[in-house]
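The structure under discussion appears below in the form of structure tokens.
Computed from a prediction, not measured in an experiment: that's the story for all the values here.
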Amino acid sequence: QVQLVESGGGLVQTGGSLRLSCVASGAIFNLITMAWYRQPPGKQRELVALMSPGDTLKYGESVRGRFTISRENKKETAYLQMNTVSPEDTGVYYCSAYYQAGGKHFWGKGTLVTVSS
């Protein structure tokens, strides 16, 4: 069973930066895709970014150019660097991991990011 633990959420001002971390336990880390999703208040959950085992990247349109996903295999940890944030970035950010896109997704409990005006 894969367990994911996020950290790094909090309050940040518009234009500021924040870095989220996700530690994966029980995973074959080199074979699993790591991803970040978020759910803004009153909206649907959306993909923020993902990184495959082969280090291929995908970003949501709203964050491309501002956010960066990375992974450190030795620490079995994924990161989300959030730059030039705006109030629209407010929401609960979830770490997710999966071996196959159509297979089971593992989820963290989420960490709240609030961007003030």
Side-chain angles (χ1 to χ4, degrees):
Q1 183 176 354
V2 177
Q3 298 182 54
L4 306 172
V5 180
E6 305 106 329
S7 62
L11 178 65
V12 62
Q13 291 183 322
T14 295
S17 298
L18 202 65
R19 190 180 77 157
L20 307 182
S21 299
C22 175
V23 179
S25 301
I28 307 174
F29 197 76
N30 291 341
L31 297 180
I32 203 165
T33 294
M34 301 295 295
W36 289 95
Y37 290 79
R38 71 184 182 188
Q39 186 164 15
K43 298 182 179 180
Q44 295 182 339
R45 184 176 60 191
E46 64 181 5
L47 175 69
V48 176
L50 67 81
M51 175 174 279
S52 75
D55 294 338
T56 56
L57 303 171
K58 291 184 179 180
Y59 290 98
E61 293 293 336
S62 63
V63 307
R64 185 175 292 111
R66 299 187 298 118
F67 293 5
T68 302
I69 188 172
S70 62
R71 59 195 293 166
E72 189 171 356
N73 289 344
K74 292 182 179 180
K75 294 184 177 180
E76 297 185 325
T77 301
Y79 305 93
L80 183 69
Q81 180 66 46
M82 306 167 58
N83 295 328
T84 59
V85 297
S86 68
E88 288 69 33
D89 295 318
T90 293
V92 179
Y93 283 69
Y94 297 93
C95 180
S96 182
Y98 53 89
Y99 293 107
Q100 300 181 31
K104 182 178 180 180
H105 282 56
F106 303 94
W107 296 92
K109 295 181 179 180
T111 184
L112 178 63
V113 173
T114 302
V115 182
S116 62
S117 300

Qualifying salt bridge (Lys or Arg N to Asp or Glu O under 4.0 Å) pairs with a residue from [range], counting only residues at least two apart or across chains:
range	answer
residues 12-31	none
residues 70-83	none
residues 22-42	Arg38-Glu46, Arg38-Asp89

Could you pull out the closest heavy-atom pair between Thr77 and Ser21, with the gap in Å?
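Nearest heavy atoms, Thr77 then Ser21: CG2-CB, 4.4 Å.
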
Please report the shortest heavy-atom distance between Ile69 and Ala35, naming the atom on each side.
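Answer, listing the atom of Ile69 first, then Ala35: CD1-CA, 4.4 Å.
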
Taking transitive links into account, so neighbours of neighbours count too, which hydrophobic residues share a cluster with Phe29 at under 4.5 Å side-chain distance?
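When side chains under 4.5 Å apart are linked, the cluster holding Phe29 also contains Val2, Leu4, Ile28, Leu31, Ile32, Met34, Tyr99, Phe106.
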
Partner set under side chain to side chain donor-acceptor pair (under 3.5 Å) for [X], not counting sequence neighbours:
X	result
Gln81	Asn83
Arg45	none
Gln1	none
Glu88	Ser86

Considering only residues two or more places apart or on different chains, which pairs with a residue in residues 35-81 satisfy ring pair (Phe, Tyr, Trp, His ring centres under 6.0 Å)?
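As it turns out, the ring pair (Phe, Tyr, Trp, His ring centres under 6.0 Å) pairs with a partner in residues 35-81, which skip direct neighbours, are Tyr37-Trp107.
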
Partners meeting side-chain contact (heavy atoms from CB on, under 4.5 Å) with Ser116 (sequence neighbours left out)
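Leu11, Gln13.
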
For Thr33, what residues pass the side-chain contact (heavy atoms from CB on, under 4.5 Å) criterion, not counting sequence neighbours?
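In terms of side-chain contact (heavy atoms from CB on, under 4.5 Å), with neighbours along the sequence ignored, Thr33 is linked to Leu50, Ser52, Pro53, Tyr98.
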
Hydrophobic cluster membership, with links at side-chain heavy-atom distances under 4.5 Å among I/L/V/M/F/W/Y: are Met82 and Leu57 in one?
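As far as the 4.5 Å side-chain criterion goes, Leu57 and Met82 are connected within one cluster.
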
Determine, using the 4.5 Å side-chain heavy-atom cutoff (strictly less than), whether Val48 and Val92 are members of one ILVMFWY cluster.
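Looking at the clustering, Val92 is in a separate group from Val48.
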
Please examine the side chains of Pro87 and Thr14, heavy atoms only from C-beta on, and report whether any two atoms are closer than 4.5 Å.
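A side-chain contact under 4.5 Å exists here.
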
Quick check: do Leu20 and Glu6 have side-chain heavy atoms less than 4.5 Å from each other?
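A side-chain contact under 4.5 Å is absent here.
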
For residues 56-102, which residue pairs qualify under disulfide (SG to SG under 2.5 Å), counting only residues two or more places apart or in two chains?
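Residue pairs with at least one partner in residues 56-102: Cys22-Cys95.
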
Let me confirm one number: the CG-CG distance from Leu18 to Leu80, rounded to the nearest 0.5 Å.
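The CG atom of Leu80 is 9.0 Å from CG of Leu18, to the nearest 0.5 Å.
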
